[in-house]
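Residue numbers start from 1 in every chain, and the chains themselves are labelled A, B, ... in the order their sequence lines are given, proteins ahead of strands. Hydrogens, waters and symmetry mates play no part in the numbers below; they use all other heavy atoms, side chains included.
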There are 2 protein chains.
Amino acid sequence: MVRMSGAERRELLAAAALRVIGNHGLSQATTRAIVAEAGMSLASFHYAYRSRDELLTEVMQRVVDGEMSAASLSLKPGSDIRNSVLDGMHAFFDYVRADPAHERALQELLQHALVTPGLHHLARAQYESYHRAATKLLASAALAAGVTWRDPLADAARFVVTMTDGITLAWLADGDTAAAQRTIELAATAIARLADPVPAEPVLAGPAPDSSPASSQDRSGCA
Amino acid sequence: MVRMSGAERRELLAAAALRVIGNHGLSQATTRAIVAEAGMSLASFHYAYRSRDELLTEVMQRVVDGEMSAASLSLKPGSDIRNSVLDGMHAFFDYVRADPAHERALQELLQHALVTPGLHHLARAQYESYHRAATKLLASAALAAGVTWRDPLADAARFVVTMTDGITLAWLADGDTAAAQRTIELAATAIARLADPVPAEPVLAGPAPDSSPASSQDRSGCA
DNA sequence: GCCGGATTGGGTCAAGTGTCCCAGACGCTT
DNA sequence: AAGCGTCTGGGACACTTGACCCAATCCGGC
């Protein structure tokens, strides 16, 4: 097999690990299964990582850093806050549907972090990054739509992540896309209702925040 | 060790399996770990179950049947639909907080069902039972509060489960009880807003539906 | 062209795992 | 008391796993 640097191999192994976890579960993500998925040998694995635990910890760290996160919740700037949120949640859901194995992998890693001594902070960090991403998007959407959030932004962000998590879990379980989309409608309404219109006044023109669905940002959805 | 019937032993092993899964993850739920938790020997295990897979499948089936489900979402009949929903969600959350390992076990089993050939139907059945329980509770609450649900009951129920799932996941990750309780407030408002008051007319007296928090019913919350 | 660090393929080992087996004990029925 | 079905403790076996090892190869720098 072609030689490559340790850093490159680490990335390929981390990506292979996510695919094996997502398709077969964490139990089946043995070192042999991961190197087979990556097209490598065990020696290369241990050249790149000291242990399987080190690989899993790095995969989780990369998820938290956003390098391997799930769908970004994004919003299209628009005049109507509800449509903005709705568009963003649909884009998020399209991403989930495009790669459900990825979502399952994130869930498995979250559970692993919750029960593994010394790793709980990664579960917390994962949700902090989800909440941060949601906070940014809600701030951008509010600016674009000319609204303010009545509740603290952190609470609204948590509310958004609550819904994207719940929508994802139910859909992974029952595959009912139409029902999930109806839930998204209800969720968008609920989120939009947290907003108040800004009193009418001259709007200061400025560039719209960059929040395209294509950007690979921290997600504010489910694990 | 005291002798007992096969049926009794099956129940004890299933309960022990849930505890091991919740505390250490599915990977660590080996036959030896489970019998140690149950205070039995391997021979007793294999007297009760043909294999580890059979035990796990039965545990999941029992979860679906509600025998080992999570917190029941319950509602206190009241005049105000929002307070009814709020009370119920608080009761649900209290139950989650009382035994987070149980919630983690349900999550692990759900993920296992999602990736294991032949078991996906159990994941679907699990959510169907959650949705059924939520549907029943929403119907009872509406009757008690003198409201109707604008949207189809199935959609409202799915919305409820979406929120209880999301609230549970975020709390398991970051342990922020106060934030979770603020999310519950927002969720209760969002759910209550799906209701319309029934037009004023003589109310036909009838027994209030049994929906006490103590009853061990199918949950309508997270996996 | 040589050298040395980087990287590799293939193998090995100890530990753990799921499953199976068996002699023995227990308890109920006759 | 005997017989028989049920249940048990302890052990064994084949397989898998994570980690480690080593000779060999590759490739960049000098």
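E8(A) has its CD atom 14 Å from the C1' atom of dA6(C), to the nearest Å. Rounded to a whole Å, the CE atom of M4(A) is 12 Å from the P atom of dC27(D).
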Could you go through residues 23-32 of chain B and list every donor-acceptor pair under 3.5 Å that involves a side-chain atom there, pairing it with any protein atom two or more places apart or in another chain?
residue: N23(B); atom: ND2; partner: R19(B); partner atom: O; Å: 3.0
residue: S27(B); atom: OG; partner: S27(A); partner atom: OG; Å: 3.3
residue: T30(B); atom: OG1; partner: A33(B); partner atom: N; Å: 3.1

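Taking a 4.0 Å limit (strictly below) on heavy-atom distances, residues 13-25 of chain A does not reach DNA chain D anywhere.
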Show the distances under 3.5 angstrom between N or O atoms of the protein and N or O atoms of nucleotides 15-19 of chain D.
residue: dG18(D); atom: OP1; partner: R52(A); partner atom: NE; Å: 3.0
residue: dG18(D); atom: OP2; partner: T31(A); partner atom: N; Å: 2.8
residue: dG18(D); atom: OP2; partner: T31(A); partner atom: OG1; Å: 2.8
residue: dG18(D); atom: N7; partner: R32(A); partner atom: NH1; Å: 2.6
residue: dG18(D); atom: N7; partner: R32(A); partner atom: NH2; Å: 3.4
residue: dG18(D); atom: O6; partner: R32(A); partner atom: NH2; Å: 2.8
residue: dA19(D); atom: OP2; partner: R52(A); partner atom: N; Å: 2.7

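Electrostatic pairing of R97(B) and D94(B) counts as a salt bridge here, judged by a charged N lying under 4.0 Å from a carboxylate O. R158(B) has no carboxylate O lying under 4.0 Å from a charged side-chain N of D155(B), or vice versa, which leaves the two without a salt bridge.
Taking the centre of each ring, Y127(B) and Y130(B) come in below the 6.0 Å mark.
Scored by the side-chain contact (heavy atoms from CB on, under 4.5 Å) test, H121(A) finds no partners at all (sequence neighbours excluded). Partners of P100(A) by side-chain contact (heavy atoms from CB on, under 4.5 Å), not counting sequence neighbours, listed by chain and number: R104(A), W171(A), L172(A).
Applying the salt bridge (charged side-chain N to carboxylate O under 4.0 Å, His left out) test to residues at least two apart or on different chains, none of the pairs has a partner in residues 106-124 of chain A.
In this structure, L110(B) and Q107(A) have side chains that are not in contact, with every pair of non-hydrogen atoms separated by 4.5 Å or more.
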